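Presented below is the structure to which this report refers.
Below, each value reflects all heavy atoms present in this structure, side chains not excepted, and no hydrogens, waters or symmetry copies. Note that the structure is a prediction, hence the values are computed from the model and not measured.
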Amino acid sequence: MKSLLMTLMAGFVAATSLAADEKVPYKANYTVPETTIVGDYPRVYDDGSAEFRVKVEDASMWRISLDADARFEKQANGIWMCRTKPLVPGFHYYWFTVDGVDFSDPASNSYFGCGRMCSAIDVPEKNTEWMNYDPKIDHGQVQIVQYYSPLRHAVANLWVYTPASYREGKKHYPVLYLQHGGGEDESGWVRQGKTNLILDNLIASGKAEEMIVVMANGTLVLPGNTPAYTKEGMAGFGQEMIENVIPTIEKQFRVKNNRENRALSGLSMGGGQTFFVGLSHPELFSAVGIFSTGLFGGIPGSGKAFDAEETIPGLITNAEQYNKELNLFYISVGEDDFRISHTDKAVQNMREGGLEIVYETYPGDHEWQVWRKSLHSFVQKLFK
């Protein structure tokens with residue numbers, strides 16, 4: 001069995017470029033995704049399959065998490081190559097496994113997801129220029145703001161997007177507080193989600209209002225509580241948002257500090273946090289966006305059907321009041337996400353209870369391409 005050190009050393013030469021006389025076994029057209037950082041591997045072919053290259057003594061037992069059936073095949077000069085099955089468009093975390101050890105691909109960027117740093121590959125999709133960098137327009141900025149959290153007893157980070165016009169003048173802006181999912185952190189909505197580019201393009205085209213977007217770390221459970229889709233499980237996030245995050249932003253940035261100009265949104269776990277905190281505090285938020293949350297069901301072991309009135313007392317009995325207070329109640333989910341049937345049912349029941357909901361679905365599973373599209377649609381409806 002190879003040592004872990006030998007394995008990692010092998011991985012670090014995986015990124016070397018092909019020599020001029022080496023042959024590439026696949027001739028189809030390909031692109032080198034922006035997630036690739038060294039050379040032209042990994043690459044993505046027109047059919048969506050991805051190809052990986054390593055230089056190592058023996059990669060015959062290597063596996064790649066993207067495709068259980070994919071195998072590395074030996075080429076010339078100690079090169080081994082592996083091609084996966086076609087992958088759906090979007091952002092895919094992945095890792096290599098050898099001798100029972102998982103490790104990242106040094107030829108790709110690593111991202112915090114799946115509860116750890118790991119490689120990823122972004123399979124392109126046609127007609128998604130709205131999330132690409134456009135050199136012809138003015139771009140906003142993303143900065144990291146540190147603050148002390150008494151709840152965490154530690155310094156925490158906020159990732160904050162400000163539009164291009166923020167650099168000039170004294171204008172005050174509305175704020176979207178945007179939350180990541182479980183196993184991710186405050187960096188995800190920029191690094192994986194392309195939030196800054198989506199907003200830049202929409203603002204430049206006049207399809208979205210200028211706004212500040214704040215991304216906080218939502219992984220926080222108060223002592224004595226368990227992490228769950230319950231009022232108690234989400235209480236730590238709610239307290240952090242209200243007591244620390246919002247005051248920090250309103251002290252350091254030019255923002256419109258009233259409910260009409262505050263929105264809360266999130267994906268998966270962040271969607272559950274948005275449901276509990278946003279709908280429990282209509283005095284703070286005028287819009288909520290819930291992407292692919294497991295709150296509505298589909299989480300193994302939950303054992304209980306979703307009940308909107310029980311979850312947020314008054315949500316159904318006072319539906320008319322909620323409709324008056326909420327300028328936007330938005331829900332989305334992927335069409336291949338196992339949560340979709342539960343979300344369909346929850347939305348239907350809430351609508352029958354009198355709530356006005358904008359509900360959208362997108363091709364894809366529980367993944368970033370769905371959430372990028374959800375954000376793209378949601379922000380166009382905000383602060384109108």
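Closest of all the heavy-atom pairs between Val155 and Gln146 is CG1-CB, 3.9 Å. The two residues Gly353 and Ala319 have their closest heavy-atom pair at O-CB, 3.5 Å. Contact detail for Leu315 and Phe275: the closest heavy-atom pair is CD2-CZ, 3.7 Å. Summarising the geometry of Thr35 relative to Ile121, their closest heavy-atom pair is OG1-CA, 3.3 Å, with the distance given to 0.1 Å. The heavy-atom pair separating Met350 from Phe306 by the smallest distance is SD-CE2, 4.4 Å. The two residues Leu202 and Val379 have their closest heavy-atom pair at CD1-CG2, 3.4 Å.
With hydrogens and angles disregarded, a donor-acceptor distance shorter than 3.5 Å links the side chain of Arg259 to the backbone of Glu325. Listed for the Glu309 side chain is a donor-acceptor partner under 3.5 Å among the backbone atoms of Gly314. A donor-acceptor pair under 3.5 Å is absent between the side-chain atoms of Asp122 and the main chain of Pro33, judged by distance alone. Here the side chain of Thr36 pairs a donor or acceptor atom with the backbone of Pro42 at under 3.5 angstrom. In this structure, Thr361 contributes its side chain and Val333 its backbone to no donor-acceptor pair below 3.5 Å. In this structure, the side chain of Asp307 engages the main chain of Glu310 through a donor-acceptor pair within 3.5 Å. Although no hydrogens or angles enter the test, the distance criterion places no donor-acceptor pair under 3.5 Å between the side chain of His92 and the main chain of Val123. For the pair Asn77 (side chain) and Ile79 (backbone), a donor-acceptor distance under 3.5 Å is absent. Side chain of Arg71 to backbone of Ala68: a donor-acceptor contact under 3.5 angstrom is found. Of the possible polar contacts, none joining the Ser49 side chain to the Tyr45 backbone as a donor-acceptor pair under 3.5 Å is found.
Residues Arg116 and Glu184 are not paired through a salt bridge, judged by the lack of any N-O separation under 4.0 Å between the basic side chain and the carboxylate. Between Arg152 and Glu240, at least one side-chain N (NZ, or NE/NH1/NH2) sits under 4.0 Å from a carboxylate O, which counts as a salt bridge.
Among pairs with a residue in residues 271-285, those fulfilling side chain to side chain donor-acceptor pair (under 3.5 Å) read His281-Glu283, at least two apart in sequence or across chains.
Lys171 NZ: more than 12 foreign heavy atoms inside a 6.0 Å radius. With a 6.0 Å radius and a threshold of 12 heavy atoms from other residues, nucleotides or ligands, Met117 has its CE atom above the threshold. Heavy atoms from other residues, nucleotides or ligands lying under 6.0 Å from NZ of Lys381 number more than 12. Crowding of Lys251 atom NZ: a count of heavy atoms from other residues, nucleotides or ligands under 6.0 Å not exceeding 12. A 6.0 Å sphere centred on CG of Asp138 holds no more than 12 heavy atoms belonging to other residues, nucleotides or ligands. By the 6.0 Å contact criterion, CD on Glu320 is open, its count of non-hydrogen atoms from other residues, nucleotides or ligands being 12 or less.
Note: Tyr173 and Tyr166 meet the aromatic proximity criterion, with ring centroids under 6.0 Å apart. Close placement of the Phe52 and Tyr94 rings is indicated, their centers lying within 6.0 Å of each other. In this structure, the ring of Trp371 has its center less than 6.0 angstrom from the ring center of His366. Aromatic rings of Tyr111 and Phe91 (six-membered ring for Trp) have centroids within the 6.0 Å cut-off, being under it.
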Glu209 vs Ile203, test: side chain to side chain contact (heavy atoms under 4.5 Å, CB included). Steps then yes/no.
CA-CA 6 Å; Glu209 299 295 320; Ile203 291 170; over 6 Å; no
Start with the C-alpha gap between Lys194 and Glu34, add the side-chain angles, then the distance that decides, and say whether salt bridge (charged side-chain N to carboxylate O under 4.0 Å, His left out) holds.
CA-CA 12 Å; Lys194 300 188 176 183; Glu34 60 185 18; 2.9 Å; yes
Hey, mind stepping through Ser265 and Leu178 against side chain to side chain contact (heavy atoms under 4.5 Å, CB included) and telling me if it holds?
CA-CA 5 Å; Ser265 185; Leu178 183 62; 4.0 Å; yes
Show the numbers, then the answer: is there a salt bridge (charged side-chain N to carboxylate O under 4.0 Å, His left out) between Glu125 and Arg372?
CA-CA 12 Å; Glu125 180 178 355; Arg372 292 163 171 172; over 6 Å; no
Any chance you could lay out the ring-ring contact (aromatic ring centres under 6.0 Å, His included) test for Trp62 and Phe103, step after step, and finish with the verdict?
CA-CA 11 Å; Trp62 286 37; Phe103 64 96; 5.3 Å; yes
Apply side-chain hydrogen bond (donor to acceptor under 3.5 Å, both in side chains) to the pair Ser377 and Glu360, showing each step before the final yes or no.
CA-CA 9 Å; Ser377 177; Glu360 297 179 340; 2.7 Å; yes
Verdict with reasoning, Ser286 to Glu260, per side-chain hydrogen bond (donor to acceptor under 3.5 Å, both in side chains):
CA-CA 5 Å; Ser286 63; Glu260 288 293 325; 4.7 Å; no
Do Asp47 and Arg83 pass the salt bridge (charged side-chain N to carboxylate O under 4.0 Å, His left out) test, and can you show the C-alpha distance, the side-chain angles, and the key distance before you say yes or no?
CA-CA 11 Å; Asp47 66 351; Arg83 190 172 183 179; 3.7 Å; yes
Verdict with reasoning, Asp102 to Thr97, per side-chain hydrogen bond (donor to acceptor under 3.5 Å, both in side chains):
CA-CA 4 Å; Asp102 296 342; Thr97 301; 2.6 Å; yes
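Geometrically, Arg262 does not engage Tyr177 in a cation-pi contact, judged by NZ or CZ lying under 6.0 Å from the ring centre and within 45° of the ring axis.
Between Glu51 and Met81 the shortest side-chain heavy-atom distance falls below 4.5 Å. Leu375 has its side chain within reach of Leu176: a pair of non-hydrogen atoms, C-beta onward, lies under 4.5 Å apart. For the pair Ser104 and Phe96, the minimum side-chain heavy-atom distance is 4.5 Å or more. Proximity of Ser119 to Tyr93: side-chain heavy atoms (C-beta onward) are nowhere separated by under 4.5 Å. Taking the side chain as every heavy atom from C-beta outward, Gln143 and Tyr161 never approach each other to under 4.5 Å. Contact check for Val54 versus Tyr41: no side-chain heavy atoms found under the 4.5 Å cut-off. Using a 4.5 Å heavy-atom cutoff, the side chains of Trp159 and Val213 are not in contact. The shortest side-chain heavy-atom distance between Met269 and Thr219 falls under the 4.5 Å cut-off.
Qualifying side-chain contact (heavy atoms from CB on, under 4.5 Å) partners for Glu367, counting only residues two or more places apart in sequence or in other chains: Asp365, Gln369, Val370. Under the rule for a side-chain contact (heavy atoms from CB on, under 4.5 Å), the partners of Tyr133 that lie at least two apart in sequence or sit in another chain are Pro135, His139, Leu197.
Shown are Tyr359, Tyr330, Phe383; of these, the ring-ring contact (aromatic ring centres under 6.0 Å, His included) with Phe378 is made only by Tyr330. In summary, of the residues considered (Leu326, Leu264, Leu279), a side-chain contact (heavy atoms from CB on, under 4.5 Å) with Phe285 occurs for Leu264 alone.
Follow the hydrophobic side-chain contacts under 4.5 Å out from Met234 and you reach Ile312 in the same cluster. Two different hydrophobic clusters hold Val88 and Tyr30 under the rule that ILVMFWY side chains link at heavy-atom gaps under 4.5 Å.
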